[in-house]
Structure formats: structure tokens, C-alpha cells
Amino acid sequence: MNLETSLCGIKLANPVILASGILGVSRSLLSEVIRNGAGAVTIKSISLEAREGHKNPTVIAFDAGLMNAVGYSNPGTAGAKKEFTGLKGLGAPVFASIIGQDASEFEKVAEALGGLEFSAIEIPLSCPHTPGFGTLAGQDTPEKTHEIVRAVIKKTKLPVFVKLSPITRNIGDVARAAEKAGASAITAVNTMGPGMIINIDAKKPVLGFRMGGVSGPALKPVAIRCVYDIYESVKIPIIGIGGIMTGRDAIEMMMAGAKAIGVGSAVHYRGMDVFKKICSEMSEWMYENGYESFDGIIGAAHG
Amino acid sequence: MNLETSLCGIKLANPVILASGILGVSRSLLSEVIRNGAGAVTIKSISLEAREGHKNPTVIAFDAGLMNAVGYSNPGTAGAKKEFTGLKGLGAPVFASIIGQDASEFEKVAEALGGLEFSAIEIPLSCPHTPGFGTLAGQDTPEKTHEIVRAVIKKTKLPVFVKLSPITRNIGDVARAAEKAGASAITAVNTMGPGMIINIDAKKPVLGFRMGGVSGPALKPVAIRCVYDIYESVKIPIIGIGGIMTGRDAIEMMMAGAKAIGVGSAVHYRGMDVFKKICSEMSEWMYENGYESFDGIIGAAHG
Amino acid sequence: MDNYKKTELPEMVKITKIVYENPYVRTFFIGRKIDAQPGQFVMVWLPDLDEKPFSLSYAGNKTAITVEEKGKFTSALFKMKAGDKIGIRGPYGNGFTLKADACVVAGGCGVAPLANLIERLKNPLIIQGARSRDRIIFKGRFKGASITTDDGTAGTKGFVTDVLEAQLAKNKFSIVYTCGPEAMMKRVFEICERHGIECEASLERFMKCGFGVCGQCEADGLRVCKDGPVFPSAHLRKIKDFGSFARLKSGEKVAISDYAKWRCQ
Amino acid sequence: MDNYKKTELPEMVKITKIVYENPYVRTFFIGRKIDAQPGQFVMVWLPDLDEKPFSLSYAGNKTAITVEEKGKFTSALFKMKAGDKIGIRGPYGNGFTLKADACVVAGGCGVAPLANLIERLKNPLIIQGARSRDRIIFKGRFKGASITTDDGTAGTKGFVTDVLEAQLAKNKFSIVYTCGPEAMMKRVFEICERHGIECEASLERFMKCGFGVCGQCEADGLRVCKDGPVFPSAHLRKIKDFGSFARLKSGEKVAISDYAKWRCQ
Ligand SMILES: Cc1cc2nc3c(=O)[nH]c(=O)nc-3n(C[C@H](O)[C@H](O)[C@H](O)COP(=O)(O)OP(=O)(O)OC[C@H]3O[C@@H](n4cnc5c(N)ncnc54)[C@H](O)[C@@H]3O)c2cc1C
Ligand SMILES: Cc1cc2nc3c(=O)[nH]c(=O)nc-3n(C[C@H](O)[C@H](O)[C@H](O)COP(=O)(O)OP(=O)(O)OC[C@H]3O[C@@H](n4cnc5c(N)ncnc54)[C@H](O)[C@@H]3O)c2cc1C
Ligand SMILES: Cc1cc2nc3c(=O)[nH]c(=O)nc-3n(C[C@H](O)[C@H](O)[C@H](O)COP(=O)(O)O)c2cc1C
Ligand SMILES: Cc1cc2nc3c(=O)[nH]c(=O)nc-3n(C[C@H](O)[C@H](O)[C@H](O)COP(=O)(O)O)c2cc1C
Ligand code: FES
Ligand code: FES
């Protein structure tokens, strides 16, 4: 089965993309992920200055998914410029992910990473557990979304993906605001919640930041619904993320309206070769059901 | 271990309460649930007129929890008056749950059920999948919450519990609005999302209403965080609901700030005697850890 | 520890064969083996339309449901052809106990779950009733059934309950299994009570979840989907609703005749 | 199908016994049996403070970690008494392979995971180095170790690498296991390469998740928490960072000496 697809003019060998914040700290790890079958990879989000993030524990796994409050640790634009060189040599497109506390910070980061060989820039306006960023900074309103997208677009010629939060009400409106402002695609969704897990023997929340974003199986139905809503609201392509574990999950996300899908937590449950596994499971299902491309699949659950 | 507690002056043999919408359609089924160890029970929500609710499938179970879009099917106040007679004879407090499309409907339902032997009235402002009600009708804003609570309080002398949604941002503010308006307790939380599950072989969302509220394990960390936030915002007691399966989960919810806990989806996973099971697991943990009451437990994870 | 992963989601399965039992009833064989006890049921989903419970009339390697065309849902089912797919979840509920020296009393489409039972029993006495000759289901599937029809077009003219009374006068049974219109089952149960014979009846109520959480199907504190659909005499005695009341989709409890009317509209 | 229920949450376990190895190092035995391969580690959580990785220095029925007091976290651990509880999750990572004719080269606190290994090996040659006499750990736990100290206060004055060179000149080993300061391990590896001997080294990087998802601990595309912490020669050859670079908490890659300085602040 040929799983080739394209996203905003970017060619992908398959639609399974590494989500931001999982493994994406180094060029070599991105290369490993590509070797394990990802059609494209996203780096861990980069801010203007280096950030240490929250204290440990920062990532835990509970019954129904993962929870994290990494807190956007990253080496800043300076570190990123050293790390992410020669990306064209990796064999698959690499997407930048950039964050800022306001539109002007977003601008600066976009500009700083301009010289690198990224294929697109993703802007998450949706982290639920880092003060100053994402939903805690109100970046998920239609107004702020519009403002930030405009600012980034001024500074880059690359396609801009806007990453939304599942906790945003009327997510379709925000997607529309992003589209109007010139975004090339919507990435949906970031982690949910935030949630909290308390260790009752210690009488303390486990995460260093006390609360964190929920991903994995717990998030999947909410992510599917978000993508379904967004698909009814915009014409630009959607990268569907949230709890995708299997080829069937990926097809489900596409039927909700996603053109490509992102995978994060599944790396924990199924190993780094989950990308290959998902692709072969997709192929198998498509073969068995007589599909030769994603044409009859994307958005099929609508109407 | 003595698990007795009290909630707004209502004595409970234990703090484990049947959540609204699970099993609570008849007096005899409530009686069964009490026989199976519940400290109190909540009826399925009642509207002014009878409602058939959404078409099937209305309740499904996925990897990480349940999803439902029952759509508030209920026999209306007339049916409820016939069904819920002689409640004092059941051996545990029974809480009404009432819904309306606006404050005046809430008023009427509260009034209509006035003659019955309920121990409290719960008002869910938080259903995520029924047009005209809950979050789809914007009943979860501080303003609407205040208005509806005021209206209900005028018509009843019973304690009023306000049930909040985990998808409400700044849930603490809404809890404060409810407290200010005179609510006696906060019930937190209702289902999350909404979410959607698509059957890829049918290419269709499974639920009759396409989307539905997520409960069970997937909801737990979000519910814990909501209760944690509410505990920092109000002084009235909190009934913590969401994904409680075990005695340890119940203790965790109490450490987040709940005085009592609600159980719904666990009936699916552990059977109708889950109430007894949770109580004995709580007792066991308390005994092993030297607790004789809930004093050192409620809110223990704060500070 | 209990299993927290009981998913309850429909799976699309192919209809492999359709057997026309009579002008009103068809048996749909499906391409999935379901190992179920006689008496258990599945929820059948027709995407975009609805989902309803149906007893398994065959289980194991050849699994099937037998359906009477009654309303919107079953009409849609009757339009389907072999090769089409329907959603299935389950099996749900409990089954009949399997005992020797049994008598089986079936009314109309109620023979569906009983047929599956009969094939696992040793020489049961079978009393099968239908309104008329053209409504008899599973003709020839089991030998030696005493047939009754309301109009006398086949077998004895009269009701299954008449045959049951006559049989009980001369023979001994350890148990009577029954499924059919609830009024009929109620009469069968009363006859059994009079003769001091254990009875198991398969009840039918409007269902939503099918796995015991919503409460919709309750009958006097018992969930028909989970504690039933098959109830022993001890339960039947306690269920005051049995033969008298059932709940509409809204949960409103009405006389069983009103329930039937609502179901027929 | 793969298991979707791998929870990774700390469990509070009692410290059952504390052994003072030397003025700077203590072994904390815990009241939970952890069946781990030598070389595997656990994440230790001190609520409200932080969570850090520690190798198991004993595994199985008596499970322990051996800790050097270095900073805020280990100081807090050193204030704890038997009976106090710490959070534990794991074990994580891979272990050393178990081979005959082995040589074990331990530097400082690096002897912790190796001690656990030594007890499962048949007569390995043990070379254990420390800065000075009072810094030697596990004195008497294994017999016949060649001790070196930087200052000559015990054993031979000099470095473990000197002893290793001398041993390789006269003896044959199938493998050399090593753990200690990374500069030391790098030298050990280079010596092994020169002699064509397989080497396994246990690397240390700043960790967050510990189970392979965050990428924080990566070294040239390998995750120290998941693909390591024990790496065979084939990997060590590929890891250009080995002995040269490591990442700060922010993910910034710096010279290993700067990393050490940051860790010491
Ligand atoms: C446990 C269980 C097992 C079942 N097994 C079968 C089965 O094997 N075969 C089968 O055909 N149906 C069975 N049913 C009934 C089935 O689920 C549907 O309700 C029925 O087929 C109605 O079809 P419909 O949706 O087309 O009709 P609707 O669109 O709901 O229209 C109303 C029709 O429902 C009918 N109805 C069906 N059963 C009853 C009843 N007992 N009392 C009153 N009204 C009734 C009415 O007569 C009427 O014609 C079972 C129900 C339950 C709860
Ligand atoms: C897989 C793995 C296994 C480990 N096993 C052990 C063990 O068995 N025993 C043990 O004591 N520690 C072990 N560590 C190190 C441990 O996790 C802590 O990082 C260390 O104890 C620092 O303690 P601290 O938090 O008190 O110091 P911090 O508050 O982080 O203060 C900084 C200190 O970290 C030190 N540090 C520790 N190790 C290194 C190193 N290799 N390179 C540079 N600096 C270092 C610095 O010397 C400095 O004193 C292990 C680490 C990993 C990744
Ligand atoms: C440990 C971890 C770190 C993450 N860090 C980021 C991040 O830096 N930027 C971002 O946009 N999303 C981040 N996310 C969110 C993921 O990209 C993804 O949207 C989310 O986890 C849902 O997908 P999943 O269920 O496949 O994991 C992170 C998720 C996890 C689990
Ligand atoms: C099938 C089902 C029906 C429900 N119906 C109602 C309802 O009528 N009114 C209400 O307030 N909550 C309703 N809820 C929400 C529950 O009361 C509860 O808040 C939620 O399920 C979370 O708890 P749990 O995880 O223990 O199930 C329903 C939940 C389920 C699963
Ligand atoms: S149908 Fe839901 S409890 Fe029986
Ligand atoms: S610490 Fe997260 S991948 Fe190793």
C-alpha cells in the first residue's frame, strides 16, 4: 500500500507524524524516529530563551493515558540553532514548534529559526500547564490566535500550523480565526485538562507542577470530536493528534477529518517503532477494505 | 472502621454516593444500590416534561472509560412524582437531580418535586451533550449559575448541590458563584468532552447523538484537579465525582478536597456491589494508615 | 483486581446468510462466532438509525438472530442482503440454566432464544404457539414440537398455555422455559406456580446500554439486560411489573399494554 | 496486542535500613522487592522536592540504592531515617549482559550498579577506584577487588585505568563492565577498543520521564533511560557525545565538564 500524502505542499512518505514534545529534543533522535517510520517529525517546542521547565516528576503514566508537566524545557533559539542543522539530510520533513509569551516573542523565535531547514512552523497556543504560555495565558481565544498567527506569518515563508487545545470551547471558531489569519493547517489537539494525580500515601500531587496535560487513550475520543468539529469549520488541512495508538485509530482520526495524524504517547505503549506499526496496520486495513488512497477516508464520518 | 459522615447536615453511613444517571431511574433500583452499600443515592435527572433522550447507541465503553449521550431521557415531573414515593423508607438519603432550560424551568421542577422525600436537590449545569441544557446552553457561566441557584433556592428548603462541568474554565469562579448564590455543596464533576468514537468499518460515529460525555478512568485526573481547584475556592463541601473505581481512588478524591464521593461508571467495571467494595477498601487503607476518621484526609493534598 | 477494560463497542460483521422463516420473520446469520449461553442477546446497530437488542437464535460457529419485522428498525434490517454489515456488541445478559426433564413453551418470535436452548437440552417437551400457520418459525428445526395456532391453521387450535396445562396433568417436568408475549409468559409462570414447578422466563424491556449501567431496562430493581433477560421463579415472584408494567424510552412506567402500543406505533 | 496499561507512577515504600558506606555515601534498603537486572535503575521521588534516577545496588529480596550526597536532593535523602517513605518507580532501562571471564571497572559511586552485577558473575576480576581510602564503598562486599585510590591511602595509588591496562597485558577477558565518572568510562572503553575487548558502560544523563518518551536523556539518538543506561561497545562507538557532551535540564547540549559543573552548583 502506498501511504504517500502531502500537507500544504509538503510531501510525506506517510501521514504519521511525530508530535511535538515527544523525543524531539535532538537531530539524532528525530533521525531515529524517521528510521522508525515517521512520515514527518516535529521538534520539541522552542522559546526565545532557554527554559528548564518544571521540576520532576514531569511525565507519568496512569491507567488511561500519560500526564505531563514538562513546562516547555528547551534550549532556546540559540540552542536550537546549534541542534537542528542539516535537517534536509534526515529523509523526512521536520516541523519546527515555536512558543512565546506574546505575539512579538513568537515573531522573534520564528525569525531566529528562519535559517534552518524546517519544512513548516507549528505554533502551539494550547499548553495547559505552563504559566505565561498556551491556555494559561489565554492564547487560545480567536482574537489572540489571529494576532499571533499574523505575527508569525510576517516573519516566515513556511507554512504555519496552529495547534489547538481540546479544552477550548467552540474550537471551530478558533480554527476559523487561524485560517482567516493565514494559517496553512490546524494541528489538533494538545493535551487535555489539566489533570492531577495524588499519591495518597504521600498525600501529595505526583507531578512537580502538581497538575499536567493528559494525553494517550483518555484523550482520544475528545481529540476525535475536536477534529470532527474543526473539519466542519475550516478548509485548511488538519493534523489530528490525541491518543492514536493503532492503524485503526489513525483511520478513525482521518475519518473525523484529519489529513495527517500525530503520534506521541503511543511511543510509551508500543515502542519507538510505533510509527512503522501504525503504517502497516493502516495499509492492512486499507487493503482489506479496498482503499487505494486516503480519498474516501478523510472526513468520511461526516454527513 | 466507621465511615459515617455528614453532608450539609445530612447523615450518611458512608461517603460513597451513587452519581446521577447511573441506575437511578426507579425507587426499587435505588433500593438495590443502597443494599449494595451506597451511603446515599442520586436519581437520574428530571425535567419538567418527559423526554425520550437521544437515540441508541446512548452508552458505550471504550479503552479508557465510558461515553454516553443519553440525552436526559426521563419521565418528567409527573412520572417522577409517581416513581419516587416513600423515599424515607429506603434506609439512605436520596438526592433529587433536576434540570431545566432556564431558571424558571428549574424553579418549576424544584417546586413540583417538593412534596417528595428527597434529602437534597442537585442541579447539574454541566451536561455536555444535550442541546438546551448544561454546557451546550451556557449554564456553566458564573452568571447563569448564580441565577439558576437563586431561582431554585427560592422554591425549596432542601440543601442545593450545584454540579459543575470539567470543561468549564476557571471552575473555581463558577463554584464561588454557586456558593455566593446560596448553594450548600458543589458536585464535581459531570462528564468531560464531549468526545466521539467513530466505527471505521461503518464510517460513522457510534453514539446516536454522534458525541457524548466521557466518564470513568479517562476522567479521573481531570476530576481530581477540578476538585482540587474548587477546594481552594469555596468553603462549602464538595462531592467529588469522576472515575472513582477503588477505595484508593476515593481517598485520592478526598485528599483533593471532597467530603463525599460519587460513583457512576465503576458500576460497569466492578459490578453493582462496587459501593461495598470501595467502602471496604477505604476502611482497609485507613486502618493500615492509622486513620480513624476522614479528618486528616479531606483536603490533605493541599499546601 | 477486576478488569477495567471491558469495552462495549459495536463491531461491524457481515450478514452471511438470510433465511426466510415466514413472511414476517427472517434469520440473519453473521460472520462472527459468538459463544453465548442460550438466552443471551446482542445489541444490533444500524448506523445512523438506532440500536436494539436481539436474542441469539443460533450461537457458536453459526451465529444468528431471528427477527420479526415490526417497525422502522426491523424494516431497515429486512432491506439488508447477505454481504451487508451490521454492528454487533455483546453477548449480554445471563442464559437459561440447562436442566433435564424440561418443557419449553414458546410464543411467536419468542422461539428465537428457545431454539438455541432446545438444541442443548435432552429430549425436552416443546410447545410452540403462533397466531397462524404462516407464522410458525423454525419449522422442522426440532422434531416433535406440539404446535398450537390461534386460528387452528396448524397443530392444535388454541393457546400454548392450554397444552401446557394438559401436559402438566399427566407428566412431570423439572423446569419450564418460556419466551413470548409477556402476557403469555405470565400465564405460563402462574401455571408453573400452581403446579410447584420451576420456571425460567426471558423478559423484554426497552434497552439502552445493555450492560447494566443506565437502569433503563429495570423491572422492580432488577436489570433485564444484566440480571436477566432470563429470570427464575424466585425473581419472577418478586417482579411485580412482570406481566403488568414496563417503561417507555423516557423511563416512564406504563401498563404493559400501553408499552406494547407504544412499541407498535 | 501490546499492553496499553503500563502505568508509571511512584509508589511510596519504606526505607527499612540505612547503611553508612563512608562519610559521603549511604545505602538505603527499601521494603519492596524489585526484581531487576544489574544495571537497571529506579526513579526516586521525594514529594514536593524532585525525582531522580538511582541504580539498584541490591535487587531482589533485599533491594537498595546507594547514594552519594551531592546536592539538594541527596541531602534531603540523607536526612531520612529508617521507617520514612520514599517514592519509587521502575525498574527502568536495560541491564548488563552476564558473561563469564569478566572484568569489572568501578569508579567512585559507579560501583553501585556494578556491585549488584558482581554478585551474579563467576569470579570476575574487580578493579575498584576511589579518590581516597575513606571514599571506598562496599568494603568487604566482594572479595579480591583490586583497589586504587587517587591519593594512595588505600590499595594502589593511581587510577583504575592503570590497573586495567596492566591486567589486559597479562590476562584475557571476554568483557569489561564499567561505571563511574564518564571521563573514566571513556578511557576504559578506549583501552578495550585498543585490546579488541567488548565493553559495557553505564551512562548517566539528566532524566525526566525515565521511560523513553521525553527525549531529555538522549545521547546521539539513543535514550539513556530506555536504550541504556548500559551500552555495549557497538553503541559506545556510535555515541559521539560519550565522554564529551551531555544535556542540561533545558535540553541544551554542553561539554561534559560544563554538565558536571552545572550538576555540582
Ligand atoms: C432481550 C431482548 C431480546 C430480543 N430478542 C428479539 C428477537 O430475537 N427477535 C425479535 O424480533 N425481536 C427481539 N427483541 C425485540 C427487538 O429488540 C425490537 O424491540 C423489536 O424487533 C422491535 O423492532 P422495531 O424496532 O422494528 O420496531 P419499533 O420501531 O420499535 O416499532 C414497534 C414494534 O415493537 C414491537 N415489539 C417487539 N417486541 C415487543 C414486545 N415484547 N412487547 C411489545 N412490543 C414489542 C411492537 O410489537 C411493534 O411492532 C428483543 C428484545 C429484548 C429486550
Ligand atoms: C541511570 C542513573 C543511575 C544513577 N545512579 C546513581 C546511584 O546509584 N547513586 C548516586 O548517588 N547517584 C546516581 N545517579 C545520579 C543521581 O540521579 C543524582 O543525579 C545525583 O545523586 C545528584 O544528586 P543531587 O540531586 O543531590 O544533586 P544536585 O542537586 O543535582 O546537585 C548536583 C550534583 O550532581 C552531581 N552528579 C552526580 N552524578 C554526576 C555525574 N555523573 N556527572 C556529573 N555530575 C554528577 C554533581 O557531582 C553534583 O554534586 C544516577 C543517575 C542516573 C541517570
Ligand atoms: C511528555 C510530553 C511533552 C509534550 N510537549 C509538548 C510541547 O513541547 N509542545 C507541544 O505542542 N505539545 C507537546 N505535547 C503534546 C503532544 O504533542 C500531543 O499534542 C499530545 O500528547 C496528544 O497526543 P498523544 O495522545 O499522541 O500523546 C507533549 C506531550 C507529552 C506527552
Ligand atoms: C450513562 C450515564 C448517564 C448520566 N446521566 C446523568 C444525568 O442524568 N445527570 C447528571 O447530572 N449526570 C449524569 N451523568 C454523569 C455522572 O453523574 C457522573 O458525573 C459522571 O459519569 C462521572 O462519574 P463516573 O466517572 O464515576 O461515571 C451520567 C453518566 C453516565 C455514564
Ligand atoms: S439497558 Fe442499561 S441497565 Fe439495562
Ligand atoms: S528520560 Fe525521558 S526519554 Fe529518557
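Here is the naming used below: chain letters follow the sequence lines, and residue numbers restart at 1 for every chain.
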Practice task
Please determine if D:Arg205 and D:Glu182 form a salt bridge, counting it only when a charged side-chain N lies under 4.0 Å from a carboxylate O.
Solution key: yes

Practice task
For chain D, find which of A:Val267, A:Asp201, A:Val33, A:Asn199 contributes the most heavy-atom pairs closer than 4.5 angstrom.
Solution key: A:Asn199

Practice task
Considering only heavy atoms and a distance below 4.5 Å, find which of D:Lys85, D:Glu11, D:Arg223, D:Arg89 pairs most often with chain A.
Solution key: D:Arg223

Problem - Proximity breakdown for A:Ile200 and chain D, heavy-atom pairs closer than 4.5 Å - result: neither

Problem - Summary of salt bridge (Lys or Arg N to Asp or Glu O under 4.0 Å) pairs that have at least one residue in residues 207-221 of chain A, sequence neighbours excluded - result: A:Lys220-A:Asp249, A:Lys220-A:Glu252

Practice task
Would you please go through residues 82-94 of chain A and name the residues with a non-hydrogen atom below 4.5 Å from one of chain D, in numerical order?
Solution key: A:Lys82, A:Glu83

Problem - A:Arg51 with D:Glu252: basic N within carboxylate O range, under 4.0 Å - result: no

Completion exercise
Sorted by chain and residue number, the side chain to side chain contact (heavy atoms under 4.5 Å, CB included) partners of D:Ala36 (sequence neighbours excluded) come out as D:Ile34, D:Gln40, D:Leu56, D:Ala59, D:Pro91

Exercise for the section: Apply side chain to side chain contact (heavy atoms under 4.5 Å, CB included) to D:Ala82 and list each qualifying residue two or more places apart in sequence or on a separate chain. Expected result: none

Exercise for the section: Check step by step if salt bridge (charged side-chain N to carboxylate O under 4.0 Å, His left out) holds for D:Asp48 and A:Lys204. Expected result: CA-CA 8 Å; D:Asp48 279 338; A:Lys204 291 287 174 189; 2.9 Å; yes

Handout entry: Stepwise ring pair (Phe, Tyr, Trp, His ring centres under 6.0 Å) test for D:Phe41 and D:Phe54
Key = CA-CA 5 Å; D:Phe41 66 95; D:Phe54 291 89; 9.8 Å; no

Fill in the blank from the handout: When the 4.5 angstrom heavy-atom criterion is applied to A:Ser26 and chain D, the contacting part is both

Exercise for the section: Check for a donor-acceptor pair, side chain of A:Thr77 on one end and backbone N or O of A:Leu48 on the other, with a separation under 3.5 Å. Expected result: yes

Exercise for the section: Go through A:Phe133 and A:Tyr72 one step at a time and tell me if the ring pair (Phe, Tyr, Trp, His ring centres under 6.0 Å) criterion holds. Expected result: CA-CA 9 Å; A:Phe133 297 88; A:Tyr72 279 144; 5.5 Å; yes

Practice task
Report the option among A:Met67, A:Lys55, A:Glu32 that has the most heavy-atom pairs separated by less than 4.5 Å from atoms of chain D.
Solution key: A:Lys55

Handout entry: Choice from D:Leu248, D:Asp220, D:Leu222 maximising heavy atom contacts with chain A below 4.5 Å
Key = D:Asp220

